[in-house]
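First up is the structure itself, then whatever we jot down about it.
By convention in this document, chain letters (A, B, ...) are assigned in the order of the sequence lines, proteins followed by strands, and residues within each chain are numbered from 1.
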Amino acid sequence: MFPRIPMLNYDLVVIGGGPAGMAAAIRAKELGLKVLLLDENDYLGGILPQCIHPGFGLHHFKEELTGPEFASRLAKKMVELGVEYRTAARVMEIKNYSDLEKVVIFTSPSGAYQVWTKAIIYTAGARERHAFEIGIVGDRVAGIYTAGEAQTLMDIYGIMPGREVVIVGSGDVGLIMARRFALEGAKVKAVIELMPYPGGLARNVMILRDFNIPLYLSHKVVEVRGSGRVERVKVVKVDENLREIPGSEFWISCDTLIISAGLVPSVKKLKKIGVEIDTATGGPVVNDRLETSVPGIFVAGNSLLINDLVDYVVEQGEVASEGAKEFIENGGIESRKWVKVEKGENVRLVVPHYLSGDRDVYLYLRVSRPMEEVELRIPEIGRKIKLPVVKPAEMLRIKLKAEEIQGEKLTVEVVKA
Amino acid sequence: MIYRFTCIVCPLSCAIEVEVENGKVKEVRGCTCPRGEEWAIGEVTNPKRVIMSVVPVEGGALPTVSVKTAEPVPKEKIPELMKFLAKIKLKAPVEVGQVVAEWNGIKIVATRGA
């Protein structure tokens, strides 16, 4: 098909060398598959090498690690097992010719290649929402970064992006960057949160108290002003419907604006080959093998749904690999009547979307709004789990046994106990 | 004086109140386990944090090595520690887990190699 491009042959190509991809490649190699992992960065690990704070791996490694340590453990395992990988390898296109004939075209310092493969696990992570997507207008000035960009500058390259900082969004990345800026001697003047509650895990919200950083809930940044560099930002209060309250505006002077407005799964290349997307997660619709609507294309990690814990990302990578193994051996995942997972009361998203009932499965879900003293219920099978508190910021993960998975559908709801 | 915390020991996120009188903890309310109580008292009497930063490295694939303190550091000592970390310069090779410096008996450990 591409006669001048050198051809490689594998059972499985893993696209993305973050924790999901590395875990998938490791598991695939253990399962005896001929696997190739591709990553566009110069180093393995995805975003982990820049997440230098502790808090990773409590579930997977049973000890608390920093991001780079977590990544280096997975990388070491890959090397020990002899998993083939290429860094600085940018995937240009995925082609799906038939169930067991797929092509991944990538460029690299040694040229372009086409890889013929039977299955693909897509673990390309997520992208950050930027200032334009959250309605910030004003001057086009230097000093506006996403939280991840600031993190790359500071914690990979050792460059301080600014000295007087306003952070938009109180999600985990925003709070973690607030701490990094404060630790390195910058003045964090405010964290501005649109919602009436903080967006991050409780342990990260504590950072604000540690460094005396003011948190403005129910506020948003609407405008940036400066000549050449950010000089000030306009903040406005919002009502319960998130509408701006006239007359509530005030200005904060700063030289840097950090946008931490959430992540969106990177699925452009999957959409191109017709993978069905769930508008709630922003990631693909999947079955319990984490296979997308295109047979033999699997997905894991933040490309599947935005996770808070790397441990679950690793788990998803492994599940996808086991699915890929079954797919390759049987020439497809056997067709069956799938049990559909439906969203009930106060459930914003739930993954996977379709269950087979031939295996135990983890459901990952998020609620729409915070609630206390609730029960997570699946009425069709009489399952009830008491939870003292649920928050949109904290993903819930529940295990369903194979024998519980039956009928037309299972509805997951979170209701007052 | 009453200090209020959201407990971070486990995902229950208990709302804890610690009442302090004359510099002594008088009462801890809102905990549902002893670990939470211990944590909350520590937060009032001697809060400590594991601290992370990056230090420049010569001859590595990336220009910095990330580091952490091998144990939690008293909160009020953090600015002093950061000034110490700002002076460190390393040369490759650096292994993950290598002790690259020591400050007041606390080991500074590389978390990313070079």
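In this structure, chain B has a heavy atom under 4.5 Å from the side chain of Met206(A), while its backbone stays farther away. For chain B, the nearby part of Tyr43(A) is the side chain; its heavy atoms alone come within less than 4.5 Å. In this structure, the portions of Asp210(A) lying under 4.5 Å from any heavy atom of chain B include both its backbone and its side chain.
Atom CD of Glu95(B) is surrounded by 12 or fewer heavy atoms from other residues, nucleotides or ligands within 6.0 Å. Atom NZ of Lys189(A) has more than 12 heavy atoms from other residues, nucleotides or ligands within 6.0 Å. Open room surrounds CZ on Arg35(B); 12 or fewer heavy atoms of other groups in view lie less than 6.0 Å from it. Summarising the local packing, CZ of Arg29(B) is surrounded by more than 12 heavy atoms from other residues, nucleotides or ligands at distances under 6.0 Å. Annotation: Lys87(B), atom NZ; neighbour count of heavy atoms from other residues, nucleotides and ligands within 6.0 Å does not exceed 12. No more than 12 heavy-atom neighbours from other residues, nucleotides or ligands sit within 6.0 angstrom of OH on Tyr85(A). The 12-atom threshold is exceeded at CD of Glu64(A), counting heavy atoms of other residues, nucleotides or ligands nearer than 6.0 Å. Residue Glu375(A) qualifies as enclosed at atom CD: its count of foreign heavy atoms under 6.0 Å is above 12.
Closest approach of Val50(B) and Pro54(A) over heavy atoms only: CG1-CG, 3.8 Å. Listed here is the closest heavy atom pair of Ala202(A) and Ile8(B): C-CG2, 3.6 Å. Taking all atoms of both residues into account, the shortest heavy-atom contact from Met52(B) to Arg180(A) is O-NH1, 3.2 Å.
Leu183(A) CG to Ile51(B) CD1: the interatomic distance, rounded to the nearest 0.5 Å, is 5.0 Å. Taking NZ of Lys75(B) as the start and CZ of Phe211(A) as the end, the distance is 8.0 Å to the nearest 0.5 Å. Put simply, CZ on Arg112(B) and OG1 on Thr66(A) are 9.0 Å apart, with the number rounded to the nearest 0.5 Å.
The most heavy-atom pairs under 4.5 Å with chain A, out of Ser53(B), Pro56(B), Ser66(B), come from Ser53(B). Of all the listed residues (Val65(B), Leu62(B), Thr111(B)), the one sharing the greatest number of non-hydrogen pairs under 4.5 Å with chain A is Thr111(B). Most heavy-atom pairs under 4.5 Å with chain B, from the set Arg203(A), His53(A), Glu69(A): that is Glu69(A).
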- prompt: So Glu43(B) and Arg209(A), side-chain contact (heavy atoms from CB on, under 4.5 Å) or not? Walk me through it.
  reply: CA-CA 11 Å; Glu43(B) 273 302 295; Arg209(A) 189 208 299 252; 5.7 Å; no
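Side-chain atoms of Thr64(B) come within 3.5 Å of backbone atoms of Ile156(A) as a donor-acceptor pair (strictly under, hydrogens ignored).
The shortest distance between side-chain heavy atoms of Ile52(A) and Val54(B) falls below 4.5 Å.
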